[in-house]
There are 4 protein chains.
Amino acid sequence: MCINGGPPLNDDLQNLEQIEETAEQWTDKHWQILEAAVKVFSEKGFNASRTSEVAKEAGVSEGTVFNYFKTKKDLLKGMLIPLLLRFFRPWLLRGVEKIFNNRQGRPVEDVMTDLVRDRVHLAQANLPLIKAIASEAPFQPELFAPVREQILPQILEVATRFFQEEMEKGTFRTIDPLLAFRGLLSMLAGYVIMRNIAPEEFQLQEEEVEIRRLVDLYLHGLLPREES
Amino acid sequence: MCINGGPPLNDDLQNLEQIEETAEQWTDKHWQILEAAVKVFSEKGFNASRTSEVAKEAGVSEGTVFNYFKTKKDLLKGMLIPLLLRFFRPWLLRGVEKIFNNRQGRPVEDVMTDLVRDRVHLAQANLPLIKAIASEAPFQPELFAPVREQILPQILEVATRFFQEEMEKGTFRTIDPLLAFRGLLSMLAGYVIMRNIAPEEFQLQEEEVEIRRLVDLYLHGLLPREES
Amino acid sequence: MCINGGPPLNDDLQNLEQIEETAEQWTDKHWQILEAAVKVFSEKGFNASRTSEVAKEAGVSEGTVFNYFKTKKDLLKGMLIPLLLRFFRPWLLRGVEKIFNNRQGRPVEDVMTDLVRDRVHLAQANLPLIKAIASEAPFQPELFAPVREQILPQILEVATRFFQEEMEKGTFRTIDPLLAFRGLLSMLAGYVIMRNIAPEEFQLQEEEVEIRRLVDLYLHGLLPREES
Amino acid sequence: MCINGGPPLNDDLQNLEQIEETAEQWTDKHWQILEAAVKVFSEKGFNASRTSEVAKEAGVSEGTVFNYFKTKKDLLKGMLIPLLLRFFRPWLLRGVEKIFNNRQGRPVEDVMTDLVRDRVHLAQANLPLIKAIASEAPFQPELFAPVREQILPQILEVATRFFQEEMEKGTFRTIDPLLAFRGLLSMLAGYVIMRNIAPEEFQLQEEEVEIRRLVDLYLHGLLPREES
DNA sequence: GATGAATGAGTGTTCATTCAT
DNA sequence: GATGAATGAACACTCATTCAT
């Protein structure tokens, strides 16, 4: 009859524990179908995608898709699971400290570059997933409410703590840590988006160069160094 | 029988002259219907929107919608016209110089703040329009190709010229002007998006404060001022 | 967009006034489609019927069916309207008295025969309608609740009044008038049903003969006349 | 692989011998599944019932249902077996005579009351079975053809014989024995149906009272006794 | 014998588009 | 020019049935 292994997706994305639990109960078929959905949704958008195409892409029959995900919308909802796990599990588990713990002596530019490079790579590797979700998120607020209300604050808290600590140590100048985070996030996202929309028009160089430049601008600003 | 006043939209968005021409040939009904479409599309997304709802919102019959815009997609295409006109006509007509011409003596922070404020206000005022277009753009590349290929380079050129001149004058330090532009654009867009997604979670202050902080971060970077 | 002239069917079948109102707001298309639905539903049963077949039978497109009746179930609900109007409007409007008013001097057998004949003819003429509704009624109690709770009591009241008056006049012997009504209704329905299921097996004669026999059995019972 | 114990159901319901034979070859699982089907079908109707629900109700897997009954329709067909056995085996085996043999001296009212009470109890006890079959019978004529053509005539013959004998004995007045049977059957069925549709609206009393009244009306008719 | 995952034809319903009035 | 009834292709989802384990 109905398979739909794992708990229902509704309201079960409150925190990482629940998300991991759900993910563990998923079978290979779940992942196989979800990957197909990610591919199709990211290419055509949620509404323009056809469940038949997801099925074909997954190499299963249409009925099977619905055995594993009760509705088309559940496919979208399900994508939050790998997204959150891939992007936040390491961070939230280990804290960002680990990344910065062993920066002994290394210049802050290098450390920030590592950080940005990691996120850029992650975003590039998961671009379809991000595209599928991000493009539909504005129109399904109730679907993503748990993320906004539960997960986002956790992320902000980690980020804030990181910036605050560094500011106290004097690594960064003292500004609103959330502003610092938003600024970095914006530049990072802006880079990834523009890179994928119109790399030519923006005359983007190879990734490593761009990342270094981005970090440089973020850290030093546009004004001339005053010491000179 | 078919009205569809003005030239067909296809391939007629190559430059501002053509766009203005098309806009002038539009009747009030065109605008009335397009505004309705903007409202509906921005709330539900292009594919989830119903032409019937656009008609109701516009206060006309469904048939009339199709008298003015041959297809649903033409409604989307048509939105590019007010978007481009509102965002770029003043810039491209007068050049950004005008904005900076009369900055005699005013500190660069203030001038940049004016610039950012202007764009933020514009974005806020046209948020539905932006949302309607931006959310569908990734899935209709051919629809937006003329913009990317014709309009975007014009914009980039103006922006580049501005940054370059200022760099030569010493107002800004010398970096890739496109990088400078992308950085500013990213921060600007990031601010507007986050403000509209989750103002609470990001603890956003009143606009003027946020804009000043944003410009400060953009201009000075995150590192402590070295002279101190 | 949506036509669906007339008020929504839900909860609007409380009394004959509302039913008549709804019926008057129906267009020819409504009736055309409903007749087709009656035909199809009565032949295959509600669930086994296909809306596509209803459309074909009505000579309209499938979309048109749903313009006039929002759902397949609404087609079923809509059938109550002609059913009730055809079976009860005359009765409830004029009272059964009219039928019996002018029976001056005529033997009660003849009057009852007229009554039964009228109902049998009506039932025969509306057999598909009855079949379509009656076969689904047991499984859609909420759909027919208004009829059971509002219309049925009205009918029972009229019937009760009729039998009671005749009993007081001495035309009938004094028994529970509802029992008398149920008995007549049962025989009438039983006759119509058996006639349509297996006329051969029940060796049914021509209608007029059967009706006279039925009335005779109903009025005199199975026991021998005691006077003899 | 396929079990489907017992002979195929098609065309094997010609007479009671074959039916009994089939019933004897059925295992407990057959009965278990069939009872579940009766429950589900009687609640939702044949077409609206899901084989998955039958399986769940029977406490077996969906596959098992189809091991015992090749198709969903076979479940319906199979229901004829308990129906016919329960309703007609005793009658046909022993003849109705047995019931009437020992009526020595008892008034005919009492004897008829016994008869009616027996049938009413039987119907009440098997209501789901009757409902499941009766509601689908009009739309599956070929399924029930053997019953109509083979079993029904046998029943009618027994009934006819009974009424005829009693008429010859003078217990009943002489009318068409089939009419007498149809009249009784109608009243009986009408009572059971109305009792289960709307006992309140019909103001039904306790069963024993209703049965006595029903028999009284059937035997004496509605007219006043002429001897008084 | 029992299972239940996989199947895919089939369904009610939607909605962009047309066109007669 | 404006209307809105009619259209029918298309889609999400269902479910009886199969069959490998």
Side-chain angles (χ1 to χ4, degrees), chain A residues 1-5 27 29 33 47-56 58-75, chain B residues 1-5 27 29 47-56 59-75, chain C residues 1-5 27 29 33 47-56 58-75, chain D residues 1-5 27 29 47-56 59-75:
Chain A
M1 189 190 341
C2 190
I3 303 166
N4 220 332
T27 63
K29 272 261 158 67
I33 291 167
N47 268 295
S49 295
R50 307 296 150 217
T51 52
S52 61
E53 208 171 345
V54 172
K56 205 205 293 180
V60 299
S61 76
E62 218 173 332
T64 300
V65 170
F66 288 95
N67 278 347
Y68 287 86
F69 296 88
K70 265 198 303 294
T71 65
K72 191 185 175 191
K73 217 180 228 182
D74 268 359
L75 284 167
Chain B
M1 184 130 314
C2 186
I3 304 165
N4 220 329
T27 64
K29 270 259 158 72
N47 268 295
S49 295
R50 309 295 154 218
T51 52
S52 62
E53 209 171 343
V54 172
K56 204 207 296 181
V60 300
S61 76
E62 262 195 280
T64 301
V65 170
F66 285 92
N67 279 346
Y68 286 86
F69 294 89
K70 263 202 305 291
T71 67
K72 189 185 174 192
K73 216 178 232 183
D74 269 359
L75 284 167
Chain C
M1 188 191 341
C2 190
I3 303 165
N4 220 329
T27 63
K29 272 261 158 66
I33 292 166
N47 268 295
S49 295
R50 305 295 150 221
T51 53
S52 60
E53 208 171 343
V54 172
K56 205 204 294 179
V60 299
S61 76
E62 219 171 331
T64 300
V65 170
F66 286 94
N67 277 348
Y68 287 87
F69 295 88
K70 264 200 302 296
T71 65
K72 190 186 175 191
K73 217 181 229 182
D74 269 359
L75 284 167
Chain D
M1 184 131 314
C2 186
I3 305 165
N4 219 329
T27 64
K29 272 259 159 70
N47 267 294
S49 295
R50 309 293 155 222
T51 52
S52 63
E53 208 172 342
V54 173
K56 206 206 296 180
V60 299
S61 74
E62 261 195 279
T64 302
V65 170
F66 286 91
N67 280 346
Y68 287 86
F69 295 88
K70 264 202 304 291
T71 66
K72 191 185 175 191
K73 216 180 233 185
D74 269 359
L75 284 167

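A note on names: the letters A, B, ... follow the listed sequences, proteins ahead of strands, and every chain is numbered from 1.
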With nearest nucleotide decided by heavy atoms, which residue, A:Thr64 or B:Ala48, maps closer to the 5′ end of DNA chain E?
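In this pair, the answer is A:Thr64.
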
Go nucleotide by nucleotide along DNA chain E from the 5' end; which of D:Gly63 and A:Gly59 gets its closest nucleotide reached first?
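Mapping each residue to its closest nucleotide by heavy atoms, the 5'-most match is D:Gly63.
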
Give a yes/no on whether any side-chain N or O of [X] is located under 4.0 angstrom from OP1 or OP2 of [N].
X	N	result
B:Thr51	E:dC15	no
C:Ser61	F:dA6	no
D:Arg50	F:dA16	yes
A:Tyr68	E:dA5	no
C:Lys73	E:dG12	no
A:Lys70	F:dA12	no
D:Ser52	F:dC15	no

To the nearest 0.5 angstrom, please state how far the [atom1] atom of [X] sits from the [atom2] atom of [Y].
X	Y	atom1	atom2	result
B:Thr64	B:Glu62	OG1	CD	10.0 Å
A:Ser49	B:Asn47	OG	CG	9.0 Å
A:Thr27	A:Ile33	OG1	CD1	7.5 Å

Using purine N1 to pyrimidine N3 plus N6-O4 or O6-N4 for Watson-Crick, or N1-O2 and O6-N3 for G-U wobble, both under 3.5 Å, which nucleotide pairs with E:dA20?
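When the pairing criteria are applied, F:dT3 turns out to be the nucleotide that pairs with E:dA20.
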
For E:dA9, give its Watson-Crick or G-U wobble partner with both distances under 3.5 Å, or none.
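The base-pairing partner of E:dA9, which may sit in any strand shown, is F:dT14.
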
[X] [atom1] - [N] [atom2] separation (whole Å):
X	N	atom1	atom2	value
A:Lys56	E:dA6	NZ	C1'	19 Å
D:Glu62	F:dA16	CD	C1'	8 Å
D:Glu53	F:dT17	CD	P	16 Å
A:Asn47	F:dA10	CG	P	18 Å
A:Asp74	F:dT14	CG	C1'	16 Å
B:Phe69	E:dT18	CZ	C1'	19 Å
A:Asn67	E:dG4	CG	P	13 Å

Report the nucleotide, chosen from E:dT3, F:dC13, E:dT14, that has the shortest atom-to-atom distance to any side-chain atom of C:Phe66.
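Closest of the options to the side chain of C:Phe66: E:dT14.
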
Heavy-atom pair of closest approach, residues A:Thr51 and A:Phe66:
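Heavy atoms of A:Thr51 and A:Phe66 come nearest at CG2-CZ, 3.7 Å.
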
Judged by each residue's nearest nucleotide on DNA chain F, which is more toward the 5′ side, C:Val65 or A:Lys72?
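Its nearest nucleotide lies further toward 5', so the answer is C:Val65.
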
How would you label the contact of D:Ser49 with the nucleic acid (heavy atoms, under 4.0 Å): base, sugar-phosphate, or nothing?
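It contacts sugar-phosphate atoms only.
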
Any base atoms under 4.0 Å from C:Val60, or only sugar-phosphate, or nothing? Heavy atoms, all strands.
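Sugar-phosphate contact only.
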
Determine whether D:Tyr68 and D:Val60 make a side-chain contact, defined as any pair of heavy atoms from C-beta on separated by less than 4.5 Å.
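Not touching, per the 4.5 Å side-chain cut-off.
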
